Every structure is written in C-alpha cells, then in structure tokens.
Protein chains: 2
Amino acid sequence: MQAVGKNKTREEKRKEKLDIILRNASKAFMEKGYYKTSLDDIAQMQNVTKPTLYYYIKNKEDILVKCEEEACLRINGLLDEIILINGNGFQKLYQFVQGYINIVTDDIIRCHVRHRGQMEEESLKLKSIQNHKDIEARVREIIRIGIEDGSIRECNATILAILLFDSLNGISSWYKSDGQVKSDELTEEVLALVTHGVIGD
Amino acid sequence: MQAVGKNKTREEKRKEKLDIILRNASKAFMEKGYYKTSLDDIAQMQNVTKPTLYYYIKNKEDILVKCEEEACLRINGLLDEIILINGNGFQKLYQFVQGYINIVTDDIIRCHVRHRGQMEEESLKLKSIQNHKDIEARVREIIRIGIEDGSIRECNATILAILLFDSLNGISSWYKSDGQVKSDELTEEVLALVTHGVIGD
DNA sequence: TATATATGTTACTGAATAGTAACATATTAT
DNA sequence: ATAATATGTTACTATTCAGTAACATATATA
C-alpha cells in the first residue's frame, strides 16, 4: 500500500504498480506461502480488485516468473561487476558473497529464492532451473579461477558452489532487517566462515 | 508400493503401513509440492482409497507433523550420541556434520526439512518452529564448547549454527542417492569446507 | 463360533479460489 | 472535442480437493 508518484509517464506508473504488486505478493508468499495466498489477498493489499491484477500479470504463476527475472538481473549484474574487478579468485568470491548477502535480503529476491524451480508449467519450471544453473556455473568459474591461482584451496568446485548458495540463500528465509542479527555482523561472520572455516588456531 | 510383511502383530503392521504412507507422501511432496499433491495421489501410491488414509493420519497436515516427529527423534538421537563421545567441541561438531548428512538424505527427513514451520494450524506451526530452535540450541552449545576449549575459533555461535544448518539442510533438496555426487565425497567436501573454509594455503 | 474392533470402500458435500466475460470510467494523443 | 486505449469494476464459472457419512468385510480374541 505505497502511493504511486505523480508526474510520471504512463509507462513509468505501470512499472511502479507492477513493482508494488510483486513486492506485496512476495511479502505475502513469504509469510503465508504461495498457495495460502489468494490473488484476492494480493489485490486487497493495494486496494484494487483481483481482475485488475490481470492487467499487470498473466496469471498467478507469472508473479513468480517476474520475481525471477528481477532476481536474475540483479545477481548477474553483480557477477558482471565482479568479473571486471581485478583481484584473484578468492577476492572475487569474497566480493560475491558480500554482494549476494545484500541482494538476498530484498523481498522480491527472497520470494524468488524460495520458489525457484517450483512453477507448475513445465517450460517455466525448466527455465527457472536453468537460470539458477547458469548463475551457479558462473560462481563455479570464479572458484576455478581461485583454485588455479592458488588463492582458493583444492576442492570440488561444484559442491562448494552448491553449499555456498545453500547457506546464502538460507539467509533469505530467516533474515529480518529489524531482527537481532545486524547486516554488517552477518556479512562479517559469513565471510570469516567461508574463508577460514570453524577450526581454532 | 512396498509390500507389508507377514507374521507381524496388528500394531507392527499398522506402523509399517503408516511408514509407507509417510514415505510415499514425502516423495510426492518433494517432487510435486505439498499443495499439488492430493490425498488421492498419495492413496493411489499404495493402492488404497483416500478415506483409508484417515485411519492412519488425522488429516493432510498430520503427515507433516508425523514426518517432523520422526526427524526430531533421529536428529536428537544423533545429538545424544555426540554429547556422550569424548572429544573436544570441534570433534563433536565434526561428528554432527557427518551424522546429519547421513540423516538428511532420507525421504521423510527431506520432507520435514522442506516443510518445517509451514503448518497451517498455528499451534502446530509454533511447535515446529520450537522443535527446530531446540535442535539449533543444542548445536550452538556444541559450538560454544569448542570455542571454550579452543578447538573452534572465536565466532558468533548463533550465526554459525544457522549457516551450518542452511547448507546441510540444503543438501536435502538436491542430493539424489543415484546422482553424480557420491555420498562419501559430499561428506568429505562439506567437512573440509566447514573445517578450513575456502582459503588456499 | 460369536462378537468386537480394525480396516477398507463408494459416494458425497462444502469451501476455496484461479481465471473470465461484460461492462464502466479515466486518460492521452490527434 | 473525440476517438482510442488504458485501467478498473461486478458478477460469474469451473475446478479441485479435503474431509465425512454410511456401509462392507476381514481378523483377532474371548
């Protein structure tokens, strides 16, 4: 229930309204779950009726698809930046973890993380799985760079990438910006754990 | 669709049939999702009709509850063993990771991991969340023991426990016993990552 | 064997809700 | 101003599915 600004073109307003729908839907999906959230619920959150939603989305599932598009844009954007910076593989991975934690606490991204690969329509499901595979492959590549330049220890890059994503994505389901754990400390602890593990000196 | 053995008491048969229901339901929930799996689907998997299920379960949600009970028994059992073994905190944590990976690849446990805290009935939901909190607290305690005896480096035990569970629980959603990643290698890589992190020598 | 109880079936109901058709109003561009 | 299009509403349909009532059969035990 956020006001839409004035002095905008029709297309800008449209984009804003779609964004509000996605944010509200994401919040509801995270709190009550996808199937327990009706389109009427979502419509009510922005004081419109259900058929109005259909002017902005194709169907309920399309909300998940649009959240995914947004998420992929941001994650791939981060990876694009990281490939360009100079530094060894470890430094790139370090930057990725930092950036990803920042991204993964946004409602739309959280919604994507929780629902990716769970679309009912088979083609959408496959696309969603592929999207994640592509991103995982890019992180794996960073890990390989690190192994080659010696900044990351010899390990199975595939398993490492998966485990890393599991713990980072997990953050999206428990982290609350107003909760006990502060964002800075979280990032610091994650980086320390990923870097050095748990072993004492 | 597994046969129920003969020469058993009524109660044993009952337990076996309940177990089959839980296993089949778990498989279906993991493949198609909880809401896309109907009780008719589950009933069909063991060649009975839906009302028959109600002789073994209270309602659909009760399947999740029973999976959770089973999971808590096994996880707490593991923790009970680990507390007793002698060894420092790190060694206990190491054993826990090893044991947990073994547990978390069972269908019923996977189902629990994916659905915990998502019950519709509020009291069940709260209980489920509490169950996990209790287990997390026990792992946190192990971490504290390790920090005190110097075998685990100074860190935020709360965050570490959460991150650890996220990556371990994540395994439950992608690991397939017939897939590429072998169980031994997985355990080895997870232990190495948790122990030493990613940093090169 | 008789009887209680456990296990199962067929056939139904009641509620939720995604999606749509038909209609109404506001806004923009010509 | 006016036509075209964007944005919205009310009222409905069609489907899915959890849960139940009423009835039938198998099994164990007294």
Side-chain angles (χ1 to χ4, degrees), chain A residues 1-22 24-25 28-29 31-67 115 118-121 124-125, chain B residues 1-22 24-25 28-29 31-67 115 118-121 124-125:
Chain A
M1 288 224 325
Q2 178 182 327
V4 171
K6 308 284 175 185
N7 296 16
K8 310 263 179 177
T9 70
R10 206 169 244 189
E11 204 179 343
E12 282 170 330
K13 279 194 204 166
R14 208 185 149 71
K15 270 236 169 72
E16 275 182 29
K17 283 188 191 172
L18 172 60
D19 187 70
I20 292 173
I21 291 174
L22 297 185
N24 281 331
F29 290 167
E31 275 167 32
K32 307 200 303 180
Y34 180 77
Y35 290 99
K36 294 300 291 180
T37 303
S38 71
L39 288 176
D40 281 322
D41 290 337
I42 298 170
Q44 232 171 12
M45 293 175 83
Q46 49 244 25
N47 293 324
V48 294
T49 56
K50 177 171 59 174
T52 300
L53 298 181
Y54 282 84
Y55 192 72
Y56 298 92
I57 58 170
K58 250 175 59 194
N59 50 41
K60 193 179 184 185
E61 188 148 87
D62 192 39
I63 295 175
L64 300 183
V65 173
K66 286 186 160 51
C67 286
H115 297 96
Q118 292 176 44
M119 290 80 181
E120 293 173 30
E121 202 196 297
L124 295 178
K125 182 180 183 166
Chain B
M1 287 228 320
Q2 179 182 325
V4 171
K6 306 287 174 185
N7 295 18
K8 311 263 180 179
T9 71
R10 208 169 240 187
E11 204 179 343
E12 282 171 331
K13 279 193 202 166
R14 209 186 148 73
K15 270 235 169 73
E16 276 182 29
K17 283 188 191 171
L18 172 60
D19 187 71
I20 293 172
I21 291 174
L22 297 185
N24 281 331
F29 291 167
E31 274 166 32
K32 306 199 305 181
Y34 181 78
Y35 289 99
K36 293 302 289 180
T37 303
S38 71
L39 288 177
D40 282 322
D41 291 337
I42 298 170
Q44 232 172 12
M45 293 174 84
Q46 48 243 22
N47 292 324
V48 293
T49 56
K50 178 171 58 174
T52 299
L53 298 181
Y54 280 84
Y55 192 72
Y56 298 92
I57 58 170
K58 252 175 57 193
N59 50 42
K60 191 178 185 185
E61 189 148 87
D62 193 39
I63 295 176
L64 300 184
V65 173
K66 287 186 161 51
C67 287
H115 298 96
Q118 291 176 45
M119 290 81 183
E120 293 172 29
E121 201 196 295
L124 295 177
K125 183 179 181 166

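The chains referred to below are lettered A, B, ... by the order of the sequence lines, with proteins before strands, and numbering in each begins at 1. From a predicted model like this one, the values you see are computed outputs, not experimental measurements.
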Whole-Å distance, A:I42 CD1 to C:dA16 C1', equals 15 Å
Residue set satisfying ring pair (Phe, Tyr, Trp, His ring centres under 6.0 Å) with A:Y35, at least two apart, ordered chain then number -> B:Y35
Salt bridge (Lys or Arg N to Asp or Glu O under 4.0 Å) filter on A:K125, not counting sequence neighbours, yields none
Looking at B:T49, I'd like to know whether one of its side-chain N or O atoms comes within less than 4.0 Å of OP1 or OP2 on C:dT9. yes
Residues at least two apart in sequence or cross-chain that pass salt bridge (Lys or Arg N to Asp or Glu O under 4.0 Å) with B:E120, listed by chain then number, are A:K36
Establish, with yes or no, whether the OP1 or OP2 oxygen of C:dG8 is under 4.0 angstrom from a side-chain nitrogen or oxygen of B:K17.
yes
Rounded to whole Å, CD of B:Q44 lies from C1' of C:dT9 at a distance of 15 Å
The ring pair (Phe, Tyr, Trp, His ring centres under 6.0 Å) partners of B:Y56 (sequence neighbours excluded) come to none
Rounded to whole Å, the CG-C1' distance (A:D41 to C:dA18) equals 13 Å
Between OH of A:Y56 and P of C:dA18 the distance, given in whole Å, is 20 Å
Polar-atom pairs under 3.5 Å, protein N or O versus N or O of nucleotides 16-21 of chain D: list them with distances, or write none.
| residue | atom | partner | partner atom | Å |
| --- | --- | --- | --- | --- |
| D:dA18 | OP1 | B:K60 | NZ | 3.0 |
| D:dA18 | OP2 | B:L39 | N | 2.9 |
| D:dA18 | N7 | B:K50 | NZ | 2.7 |
| D:dG19 | OP2 | B:Y54 | OH | 3.0 |
| D:dG19 | OP2 | B:K60 | N | 2.9 |
| D:dG19 | O5' | B:Y54 | OH | 3.3 |
| D:dG19 | N7 | B:K50 | NZ | 3.0 |
| D:dG19 | O6 | B:K50 | NZ | 3.0 |

CD1 of B:I63 to CG of B:L18, rounded to nearest 0.5 Å, is 9.5 Å
Closest to the side chain of B:Y55, out of C:dT7, D:dG8, C:dT10, is C:dT7
Here the distance between atom P of C:dA6 and atom CG of B:L18, to the nearest Å, is 16 Å
From NZ of A:K13 across to C1' of D:dA6 the rounded distance in Å is 11 Å
Rounded to whole Å, the CD-P distance (A:E11 to D:dT7) equals 10 Å
When rounded to the nearest 0.5 Å, the distance separating CD1 of A:I42 from OG1 of A:T37 is 6.0 Å
With sequence neighbours left out, the residues meeting salt bridge (Lys or Arg N to Asp or Glu O under 4.0 Å) with B:K32 are B:D41
>> When you measure from the side-chain N and O atoms of B:R14 to the phosphate of C:dA6, is any distance below 4.0 Å, counting only OP1 and OP2?
In response: no
